[in-house]
Amino acid sequence: MAKGERADLVVVGAGTVGGWASWFAAASGAERVIVLERDLAGQGASSRAAGVVRAQGGMPATVALGRFSIGFYRDQPNTLGTDSGFRELGYLILAMTRKDERDGTQRVAMQRRAGLDVRWVDADEACRLNPTLVGEGHRGGSYCPTDGAIDPPRNVRAYTLAMQQAGVELRERTSFLGLRTSAARGGRRRVTGVRTTAGTIATERVILTGGPSLRSVGALAGARIFAGGARHQVVLTEPHPAFDVERLPMVFDVGAGIYWRLEEGGLLWGMSNPKEPPGPARQIDWAYVRRMQRRLGRLVPATRGLGMRKAWCGTIDYTPDHLPILGPVITTDGITIEGTTVASAGGHGMMWGPGVARVAADLAIDGKTDVVDVGDLGMDRFDEHGRSPFYDPIALPFPPSADEDEGEDLTSSAV
């Protein structure tokens with residue numbers, strides 16, 4: 001790194017959000033964009049995800065982010081000459097109880113007002129849409145035919161190629177150490193540089209990402225960011241004739257925190273344990289996998305007795321209200337740092353990643369965005385305990401409540 005190096009924008013983290021944000025920024029006119037990554041690009045959650053992409057958010061803002069992301073994935077072959085492997089499969093979010101059904105029908109009405117092609121289907125229609133689904137034990141659910149899935153490793157390849165073609169400079173094995181700032185009007189601060197293990201880069205624009213590591217990234221910037229990580233497990237079954245089809249709607253049993261979709265002639269299914277404390281994933285919890293395997297077998301009888309071809313775990317990020325964080329850094333003493341943008345997808349990196357990345361790039365370069373209203377998505381929505389007035393209910397069950405104070409358990413290492 002040259003002495004006195006300068007960049008138009010520095011992005012911390014080369015995962016899905018950071019990678020695509022750097023490309024969007026370069027495409028918007030940023031002349032020199034540098035991305036810092038403490039390990040290798042996409043080595044974290046971005047390559048260990050399940051790849052589900054849906055626009056069925058629980059709030060208008062998340063519907064908008066999902067719609068943008070799906071449109072972006074669809075258009076990648078035209079805009080980039082490569083793609084993330086998006087497949088339209090449709091998505092069925094099950095209602096298991098009367099309350100699920102009542103809440104779900106209200107959610108569909110909101111989503112339709114937001115422009116989403118979604119409808120409520122009863123149990124019989126749900127089984128016609130997905131013939132592998134058992135006919136009893138559920139009450140149907142919401143169905144969106146345009147939801148789908150991408151291939152996570154292919155997505156990493158797509159954004160790293162896009163970064164390279166746009167002239168983005170990727171600095172792997174280079175850790176973020178903190179910000180340099182100067183005084184600004186109104187008691188604020190303004191970013192003037194980024195400190196790294198390879199030296200300091202002068203810049204007036206910084207995007208902080210990091211997924212499960214975002215909390216410690218924020219600490220290095222003098223801020224407490226309410227984001228953390230928890231274990232997420234994914235399994236791929238052996239092939240079965242019932243799954244040897246081109247299209248079969250994905251399914252999400254929200255209450256149990258388990259979802260499934262087609263993959264390689266078998267069924268890929270993933271889960272998170274709502275009773276497990278937060279923290280980085282270190283090993284597979286086979287007892288919980290077997291428990292969820294039995295639940296899956298009750299809902300999808302074709303999976304009973306099927307062997308596991310692959311199984312892995314990774315650390316999924318989350319925010320207490322299951323919503324993204326998009327806005328300037330606010331330090332622990334309440335000072336806003338101008339020129340900075342925090343960008344967290346709140347555990348939905350594949351689903352909202354391109355949308356969150358585009359918004360982050362817009363805010364960094366232009367100070368505004370037309371993708372979604374970010375007025376309620378900043379750090380200032382959380383109180384000192386991490387409580388937020390908002391909540392998106394369509395998410396994996398981490399944390400169990402938007403009112404839970406995760407305290408210092410939200411730990412991870414810096415990007």
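Sorted by first and then second residue, the ring pair (Phe, Tyr, Trp, His ring centres under 6.0 Å) pairs involving residues 324-358 (not counting sequence neighbours) are H348-W352.
Between I258 atom CD1 and R295 atom CZ the span is 7.5 Å, to the nearest 0.5 Å. With rounding to the nearest 0.5 Å, the separation of CG in L377 from CZ in F390 is 8.0 Å. The OG atom of S272 lies 11.5 Å from the CG atom of D285; values are rounded to the nearest 0.5 Å. Here the CG atom belonging to L36 is positioned 7.5 Å from the CD1 atom belonging to I34, to the nearest 0.5 angstrom. Rounding to the nearest 0.5 Å places CG of L268 at 5.5 Å from CG of L236. To the nearest 0.5 Å, the span separating CG on L208 from CD1 on I325 amounts to 11.0 Å.
E264 is linked by a salt bridge (charged side-chain N to carboxylate O under 4.0 Å, His left out) to R309, K310, counting only residues two or more places apart in sequence or in another chain. Residues satisfying the ring-ring contact (aromatic ring centres under 6.0 Å, His included) criterion with Y91, sequence neighbours excluded, are absent altogether. Applying the salt bridge (charged side-chain N to carboxylate O under 4.0 Å, His left out) test to R87 and every residue at least two apart in sequence or in another chain returns E263. In terms of the ring-ring contact (aromatic ring centres under 6.0 Å, His included) criterion, Y143 has no residue partners (sequence neighbours excluded).
The shortest side-chain heavy-atom distance between Y259 and M250 does not fall under the 4.5 Å cut-off. For the pair Q164/L161, a side-chain contact is recorded, criterion being any heavy-atom separation below 4.5 Å from C-beta on. Annotation: side chain of E125 is in contact with side chain of R119 (closest heavy-atom distance under 4.5 Å). In this structure, L179 and V206 have side chains that are in contact, with non-hydrogen atoms separated by less than 4.5 Å. In this structure, F176 and R38 have side chains that are not in contact, with every pair of non-hydrogen atoms separated by 4.5 Å or more. Between W269 and V300, the closest side-chain pair of non-hydrogen atoms is not below 4.5 Å. At least one side-chain heavy atom of F243 sits less than 4.5 Å from a side-chain heavy atom of L306. Within the 4.5 Å cutoff, the side chain of Q293 has heavy atoms near those of the M308 side chain.
Under 3.5 Å, the side chains of N155 and T16 contain a donor-acceptor pair of N or O atoms. Side-chain atoms of T146 and D117 include no donor-acceptor pair closer than 3.5 Å.
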Between L299 and M96, is the side chain to side chain contact (heavy atoms under 4.5 Å, CB included) condition met? List the steps.
CA-CA 11 Å; L299 291 167; M96 308 301 289; 4.1 Å; yes

Step by step, work out the side chain to side chain contact (heavy atoms under 4.5 Å, CB included) result for L323 and T62.
CA-CA 8 Å; L323 292 168; T62 54; 3.6 Å; yes

Going through the distances and angles, do C144 and Q111 end up as a side chain to side chain contact (heavy atoms under 4.5 Å, CB included)?
CA-CA 10 Å; C144 180; Q111 293 166 343; over 6 Å; no

What do the steps show when you test D103 against R107 for salt bridge (Lys or Arg N to Asp or Glu O under 4.0 Å), and what is the final call?
CA-CA 6 Å; D103 293 345; R107 187 174 64 248; over 6 Å; no

Evaluate the side chain to side chain contact (heavy atoms under 4.5 Å, CB included) criterion for residues R231 and R282: first the C-alpha distance (whole Å), next the side-chain angles of each, then the deciding distance (0.1 Å), finally the verdict.
CA-CA 8 Å; R231 177 165 51 187; R282 293 187 171 89; over 6 Å; no

Please walk me through it: do R224 and E384 pass salt bridge (Lys or Arg N to Asp or Glu O under 4.0 Å)?
CA-CA 9 Å; R224 187 183 186 191; E384 61 180 340; over 6 Å; no

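Taking each heavy atom of E246 and L89 in turn, the nearest pair found is O-CD2, 3.9 Å. Between A343 and V356, the closest heavy-atom pair is CB-CG1, 4.2 Å. When all heavy atoms of S142 and V108 are compared, the closest pair comes out as CB-CG2, 3.5 Å. Across every non-hydrogen atom of A49 and M350, the tightest pair is CB-CG, 3.7 Å. For L170 against A14, the heavy-atom pair with the smallest separation is CD1-CB, 3.8 Å. Of all non-hydrogen atoms in E169 and R171, the two that sit nearest each other are OE1-NH2, 3.0 Å.
Of the residues H138, Q106, R139, the one that meets the side-chain hydrogen bond (donor to acceptor under 3.5 Å, both in side chains) test with E101 is R139.
Looking at T197, its side chain does come within 3.5 Å of a backbone N or O of S175 through a donor-acceptor pair. A donor-acceptor pair is defined here as one N or O able to donate and one able to accept, closer than 3.5 Å; no such pair exists between the side chain of S84 and the backbone of F86. Between the side chain of D8 and the main chain of A30, no donor-acceptor pair closer than 3.5 Å is present. Judged by distance alone, with hydrogens and angles left aside, the side-chain atoms of R358 form no donor-acceptor pair with the main-chain N or O of P354 at under 3.5 Å. Judged by distance alone, the side chain of R112 and the main-chain N or O of V118 form a donor-acceptor pair under 3.5 Å. Within the 3.5 Å criterion, the main-chain N or O of G339 finds no donor-acceptor partner in the side chain of E204. S22 places a side-chain N or O within donor-acceptor distance of the main-chain N or O of G19, the cut-off being under 3.5 Å. With hydrogens and angles disregarded, no donor-acceptor distance shorter than 3.5 Å links the side chain of T340 to the backbone of P328. Formation of a donor-acceptor pair under 3.5 Å by the W312 side chain with backbone atoms of R48 is found in this model. Judged by distance alone, with hydrogens and angles left aside, the side-chain atoms of R304 form a donor-acceptor pair with the main-chain N or O of G297 at under 3.5 Å.
Enclosure of atom CZ in R74 by more than 12 non-hydrogen atoms of other residues, nucleotides or ligands within 6.0 angstrom is indicated.
In this pair, F72 and F24 present their aromatic rings tilted. The plane angle is within the 30 to 60° band.
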Which pairs would a plain distance check flag for residues 363-376, meaning a side-chain donor or acceptor within less than 3.5 Å of a matching protein atom at least two apart in sequence or in another chain?
residue	atom	partner	partner atom	Å
T369	OG1	D362	OD2	2.8
T369	OG1	V371	N	3.2
D373	OD1	G375	N	2.9

